[in-house]
Amino acid sequence: QVQLVESGGGSVQIGGSLRLSCAVSGRTFSSYAMGWFRQYPGKEREFVAGISWSGEATSYADSVKGRFTISRDNAKSTAYLQMNSLKTEDTATYYCAMSKALYIDYGFDWWGVGTQVSVSS
């Protein structure tokens, strides 16, 4: 059974930083692309960032480019999302996702339960 467990969420002031982690078990982590999504109350989940199986290819939503960095440590079966220069509009529930493919182009099949990020002035 594949399990994705997010951690690292919390409350931070505008301009602050947080690092989210996603620990994966139950599947060979190094063989699959990973992604981060976020969801605002009453809205659909939206893509934030994605990374290929080896880490050589990354993709970001325009709203987070230059502020967020996705990475992975295949030895630890963990993906990360470093979030800098946080804005109030980054307040959302953040979800980790795992693909069945090497690259993010083929969608995501497994999801974590989410972690809350709150940014305030």
Kindly compute the distance separating [atom1] ([X]) from [atom2] ([Y]), expressed to the nearest 0.5 Å.
X     : Y     : atom1 : atom2 : result
Ser31 : Asn74 : OG    : CG    : 8.5 Å
Thr69 : Leu81 : OG1   : CG    : 8.0 Å
Met34 : Thr78 : CE    : OG1   : 9.0 Å

Flag the pair [X] / [Y] as yes when at least one side-chain heavy-atom distance between them is below 4.5 Å, and no otherwise.
X      : Y     : result
Gln82  : Ser17 : yes
Val48  : Tyr60 : no
Glu6   : Leu20 : no
Ile104 : Phe47 : yes
Ser120 : Ile14 : no
Trp110 : Ser99 : no
Lys76  : Phe29 : no
Ser121 : Gln13 : no

Item to complete: Check the surroundings of atom OH in Tyr106: do more than 12 heavy atoms from other residues, nucleotides or ligands lie under 6.0 Å from it?
Response: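 Incorrect, the count does not exceed 12.
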Worksheet item: CD of Glu89: more than 12 outside heavy atoms within 6.0 angstrom?
Response: yes
Worksheet item: Within 45 degrees of the axis of the six-membered ring of Tyr95 and under 6.0 Å from its centre: does Arg38 put its NZ or CZ there?
Response: no
Worksheet item: Does NZ or CZ of Arg72 come closer than 6.0 Å to the centre of the six-membered ring of Trp53, within 45° of the ring's axis?
Response: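 Judged by the rule, Arg72 and Trp53 form no cation-pi pair.
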Worksheet entry | ILVMFWY cluster, Trp36 and Leu4 together (side-chain gap under 4.5 Å) | yes
Discussion item. Do Val24 and Ile70 sit in one hydrophobic cluster, given that two such residues count as connected whenever their side-chain heavy atoms are within less than 4.5 Å of each other, even indirectly?
Written reply: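 They do share one cluster, since a chain of ILVMFWY contacts under 4.5 Å joins Val24 to Ile70.
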Discussion item. Checking the side chain of Tyr40 only, and the main-chain atoms of Glu46 only, is there a donor and an acceptor separated by less than 3.5 Å?
Written reply: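 Not at all, since once roles are kept as given, no pair shorter than 3.5 Å links the two residues.
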Practice prompt. Kindly say whether Ala57 contributes a backbone atom to a donor-acceptor pair with the side chain of Ser52 at under 3.5 angstrom?
Written response: yes
Fill in: Verdict with reasoning, Gln116 to Thr93, per side chain to side chain donor-acceptor pair (under 3.5 Å)
CA-CA 4 Å; Gln116 180 66 35; Thr93 301; 2.9 Å; yes
Worksheet item: Checking side-chain contact (heavy atoms from CB on, under 4.5 Å) for the pair Met83/Val64: CA distance, chi angles, key distance, verdict?
Response: CA-CA 9 Å; Met83 305 186 295; Val64 306; over 6 Å; no
Discussion item. Taking the ring centre of each residue, are Trp111 and Phe37 less than 6.0 Å apart?
Written reply: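 Under 6.0 Å, so yes.
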Discussion item. Can you confirm whether the side chains of Arg19 and Tyr80 place a donor and an acceptor under 3.5 Å from each other?
Written reply: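 There is no such pair between these side chains.
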Worksheet item: Can Lys87 and Asp90 be counted as an ion pair, charged N to O under 4.0 angstrom?
Response: no
